[in-house]
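Everything on this sheet refers to the single structure shown next.
Each residue takes its place number in the sequence, starting with 1. Counting convention: from 1, in listed order, for ligands and their atoms alike.
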Amino acid sequence: MDANVENEEKMSQEFAKENENHYDESQIQVLEGLEAVRKRPGMYIGSTSLRGLHHLVYEIVDNSIDEALAGFCDTIYVTIHKDNSVSVLDNGRGIPVGIHPKMGIPTVEVVYTILHAGGKFGGEGYKVSGGLHGVGASVVNALSEWLVVEVYKDGKIYTQRYERGKPTSKLEVIGDTELNGTKVHFKPDAEIFEDTVFVTDTLIQRLRELAFLTRGVKIVVKDERKEDEEGNVYEKVLHYEGGVVSFVEYINKNKEVLHEKPMYFYGERENCNVEMALQYTSGYTENIFTFANNINTMEGGTHLVGFKSALTKVLNDYARKYNLLKDADKNLLGDDVREGLTAVISVKLTNPEFEGQTKTKLGNSEMRGLVESVMNDKFAAYLEENPAIAKAILNECLTSARAREAARKARELVKRKSALESMSLPGKLADCSERNSGRTELYLVEGDSAGGSAKQGRDRRFQAILPLWGKMLNVEKTRIDKVYNNDKMHPVIMALGAGIGPEFDTSKLRYDKVILMADADVDGAHIRTLLLTFFFRYMRPLIEEGHIYIAQPPLYKVTKGKTVIYCNTDAELDKAMKEIGGEADNIQRYKGLGEMDAEQLWVTTMNPETRTMLKVSIEDAIEADKIFTILMGDNVEPRREFIQQNAHTVTNLDI
Ligand code: 1YM
């Protein structure tokens, strides 16, 4: 904050009263600004769904994180209260309370009521900010039924209350304190949000990410809605002294690693810096997570490009220098050197430019050079200093290059086949007649008999059926070349027609929806998990772009006279029983898809007018990766633990 503001901060609050003109002026700005936010909340927080709701918390926490990055705060409390209000408390300097020279009202009121365009006002030099860049506080206020801010500063407790963004009191001193910090307590407005119930895990996932990215800061999450038997409030402490190194260790927790400690590299230039942690595993998947100013840059960008290019160059140089690659050998490719790699790259910069479809691609060209040069120097030095680790890593890269060559041949085969349209589609596929892929659906159906019913029951204009049978491949334990060749996966790859792995291209997809249809029993769950693992590892855009669905065949059929009601859950069954007055003629419990005839399958599960389906999405790629590793990987112990912890969430499992 600039010197002017600091001077003004010392002025008394009475100033505001004497300065009624200023006050009027700023009041008009308040009303106009907040009106805009309430009219079009999506413009400011993305959406008014659960995602937007949680976003409110992140906006407030971002201000505390900024204070931590500036070196003034090390502890943040986030509490979900019983009424689904949330409070955030930090031990920073406290938002300034002095009169703002331009606005004539206390600065904290400016922060909470005036929609400012970008960056914290008064900021100078090298300062970075995430989220809406410090402008989020007034947005959160506008979208809250009420919000109370408390500032602990200079021995006093200041407080002000707002409703739907408008002050309902002036900033007041309500007591003395020895503490420093800021507390914000708010209740999201039910007039704005579709759902106002916070999901603890969703908050924890993002706050954990922030705790990793802000080394040393302690974030304590409390949920007063949840109590254990002794009446203790649920509490989770997120505190990682290792920063991005801890982050990589967390991701690799259940994986076999090639070197014990992740590598760590740091570098900076005038206005930006980069931190990286890397650790190779013996697995086959590449896990690179990139962040810019703490925002997950899911679509990558310049920092990722710089990282990849240096990684490939350094490993090739090393392999040539020590004759691990012979003169006649081709260079290692990017895919070879990233197999089994887990990395977290976090950059901070003053003016980030976010591009791409979801505005999560970093555009600043200077970041490519910085990341590339830090990696070139420090990673090369690391390999020289750790020859045993270097050798272990290059060994894996060389094996991966050989597997890639085998995979290329297998993929060529797939491609050659699909070049001839007639040969390209698997024999078991009952295709639809519609050619416009915009509304077509592919059902992947477990078992030949259910496949038969589905074929008869479907609307053949836009619904295609591919029956799957026999033991599906567990891709988590299989190298890429074997996946391409596999006779169970091959028909799926061919039917979708969009390639696989690095060449997967959703624009070539032959169907808009890919619907997994399997029984509600252990085998069905297993097939679903195997298919989802496959899509997650080899066709991730399919999930990310929302093409994967899970069919929900009914569990019960209730008949009374001419009335037939199908029920998906026990709760629905209860409701149906009440509707028909308590007594049914026969309740039928479906054990599997095979028990339904074509007509029933159509009515209950396939007719777009009446069916319910689950859409598969990835809320959090890091958690998804962990769960697939646990469920499908080699380690038994974490799997046992996971199943024990989650058994209670399983419904409708018929063994
Ligand atoms: C629970 C939310 O907002 N903490 C917080 C915010 C600020 C400061 C400290 C702060 C910043 C500066 C100087 C500065 C903010 N200040 C402003 C503004 N926690 C929470 N803690 N002194 C205190 O950036 O120079 C905006 S946010 F603009 F008023 F300085």
* Asked: Where's the contact between Val88 and ligand 1, heavy-atom distance under 4.0 Å: side chain, backbone, both or neither?
  -> both
* If you measure from each non-hydrogen atom of Val111 to ligand 1, which part falls under 4.0 Å: side chain, backbone, both or neither? -> side chain
Against heavy atoms of [X], which atoms of ligand 1 measure under 4.0 Å?
{"X": "Asn63", "value": "3 (O), 20 (C)"}
{"X": "Ile60", "value": "1 (C), 2 (C)"}
{"X": "Pro96", "value": "16 (N), 22 (N), 23 (C), 29 (F), 30 (F)"}
{"X": "Thr107", "value": "29 (F)"}

Can you name the nearest heavy-atom pair linking [X] to [Y], along with the distance?
{"X": "Val140", "Y": "Glu59", "value": "CG2-CB, 3.7 Å"}
{"X": "Val199", "Y": "His54", "value": "N-NE2, 2.9 Å"}
{"X": "Tyr280", "Y": "His259", "value": "N-NE2, 3.0 Å"}

* Sub-3.5 Å N/O-N/O distance, Tyr112 and ligand 1 -> no
* To do: Flag Ser64 as yes when one of its N or O atoms lies below 3.5 Å from any N or O atom of ligand 1, and as no otherwise.
  => yes
* Asked: Can Lys261 and Glu249 be counted as an ion pair, charged N to O under 4.0 angstrom?
  -> yes
For residues 76-88, which side-chain donor-acceptor pairs fall under 3.5 Å, sequence neighbours excluded?
{"residue": "His81", "atom": "ND1", "partner": "Glu224", "partner atom": "OE1", "Å": "2.9"}
{"residue": "His81", "atom": "NE2", "partner": "Ser87", "partner atom": "OG", "Å": "2.8"}
{"residue": "Asp83", "atom": "OD1", "partner": "Ser85", "partner atom": "N", "Å": "3.0"}
{"residue": "Asp83", "atom": "OD1", "partner": "Ser85", "partner atom": "OG", "Å": "2.6"}
{"residue": "Asn84", "atom": "OD1", "partner": "Phe198", "partner atom": "N", "Å": "3.0"}
{"residue": "Asn84", "atom": "OD1", "partner": "Arg225", "partner atom": "NH1", "Å": "2.9"}
{"residue": "Ser85", "atom": "OG", "partner": "His185", "partner atom": "NE2", "Å": "2.8"}

* Please state whether Gly94 comes within less than 4.0 angstrom of ligand 1, counting heavy atoms only. => yes
* To do: Assess the side chains of Glu150 and Tyr152: does a donor N or O sit below 3.5 Å from an acceptor N or O?
  => yes
* Which ring pair (Phe, Tyr, Trp, His ring centres under 6.0 Å) pairs, counting each pair once, include a residue from residues 358-377, with sequence neighbours left out? -> none
